[in-house]
A.B. asks: 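Mind looking over this structure? Questions follow.
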Amino acid sequence: FQVKIVMNTSTLISSGKLTLSGRDIRFLNENGDPLSFWIDPDSFNSTNSEIWVKVDEMLASTTTSIYMFYGNTLVSSLSNGDDTFELFDDFNSLTIDNTKWGNTGASVISLQSGQITLTTDASTTPYPSSMLYSNNYSFDSEINPMIIESDVIQVENGYAYLGIEDASGNGWGVGVD
């Protein structure tokens, strides 16, 4: 179960209590066991920094405590999206991770600076289309609620859709054109 923490890291950084990269941040559960976490680099060093922490469990009508530690400048970062989320990709490599993603349609996929671009050949008729989909991941939202997050930067001459479907095409999503 992932928990989103929004906090002011800029004050901690400017006062010298937290490293500029956040590499010294650590989270522990009530038993002192380390918890996986991911720092959103686009929001870090701001008044609204987002850090996602994977907690062991959060039961209804109970209190679950987690502890954040920082200030040790000698440690390396443990921020890791793959360890924190069921499916994670920040698209910061030069190629698509084929263990996570598949592609169908007449498109060229390019990655740069954490952004993925799908370029479709408009001459394919009647409808040029492309789809990037998750490989080998299945989710049961009845048991495990999920959050899907994506930023659509630009859509030109087309339609962007983010959603979840089962093998029969049933599901939900949001589109941008």
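For the numbers below, each heavy atom of this structure counts, side chains included, while hydrogens, waters and symmetry mates do not. Quick note: residue numbers are just sequence positions, from 1.
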A.B. asks: Run the numbers on Thr99 and Asp97 for side-chain hydrogen bond (donor to acceptor under 3.5 Å, both in side chains), then give the verdict.
C.D. replies: CA-CA 5 Å; Thr99 64; Asp97 183 343; 2.4 Å; yes
A.B. asks: Counting only N and O atoms by type, is there a donor-acceptor contact under 3.5 Å from the side chain of Glu50 to the main-chain atoms of Lys4?
C.D. replies: no
A.B. asks: Quick one, Leu20 and Asn45 - any side-chain contact, counting heavy atoms below 4.5 Å?
C.D. replies: yes
A.B. asks: Evaluate the side-chain proximity of Ile25 to Leu78: yes if any heavy-atom separation is below 4.5 Å, no if none is.
C.D. replies: no
A.B. asks: Could you see if Phe44 belongs to whatever hydrophobic cluster contains Met68? Use Ile, Leu, Val, Met, Phe, Trp, Tyr and a side-chain cutoff under 4.5 Å.
C.D. replies: yes
A.B. asks: Using a 4.5 Å cut-off on heavy atoms from C-beta on, say whether the side chain of Phe27 contacts that of Ile5.
C.D. replies: yes
A.B. asks: Considering all heavy atoms of both residues, which atom of Ser79 and which atom of Ile39 are nearest to each other, and what is their separation?
C.D. replies: OG-N, 2.9 Å
A.B. asks: Does the side chain of Ser10 come under 3.5 Å of the side chain of Asn8 through a donor N or O and an acceptor N or O?
C.D. replies: yes
A.B. asks: If we only count heavy atoms from C-beta on, is the Thr11 to Ile13 side-chain gap below 4.5 Å?
C.D. replies: no
A.B. asks: Which atom pair, heavy atoms only, marks the closest approach of Ser49 to Ser43?
C.D. replies: OG-O, 3.2 Å
A.B. asks: When you check the side-chain N and O atoms of Asp90 and Asn92, is any donor under 3.5 Å from an acceptor?
C.D. replies: yes
A.B. asks: Do Leu35 and Lys54 come close enough that some side-chain heavy atom pair is under 4.5 Å?
C.D. replies: no
A.B. asks: For Ile51 and Met7, work out which heavy atoms get closest and say how close.
C.D. replies: CD1-SD, 4.0 Å
A.B. asks: If you apply the rule side-chain contact (heavy atoms from CB on, under 4.5 Å), what do you find for Ile66 with Val53, and how did you get there?
C.D. replies: CA-CA 9 Å; Ile66 61 173; Val53 181; 4.1 Å; yes
A.B. asks: Do Asp24 and Thr73 come within less than 4.5 Å of each other through their side chains, counting heavy atoms only?
C.D. replies: no
A.B. asks: Look at the rings of Phe88 and Phe85 and say which category their plane angle falls in: under 30° parallel, 30 to 60° tilted, over 60° perpendicular.
C.D. replies: parallel
A.B. asks: Has the side chain of Asn80 got a donor or acceptor atom that lies under 3.5 Å from a matching backbone atom of Asp82?
C.D. replies: yes
A.B. asks: Which heavy-atom pair separates Phe37 from Arg26 by the least distance, and what is that distance?
C.D. replies: CE2-CA, 4.2 Å
A.B. asks: What closest approach, in Å, do Tyr70 and Lys17 show between heavy atoms, and which atom pair accounts for it?
C.D. replies: CD1-O, 3.2 Å
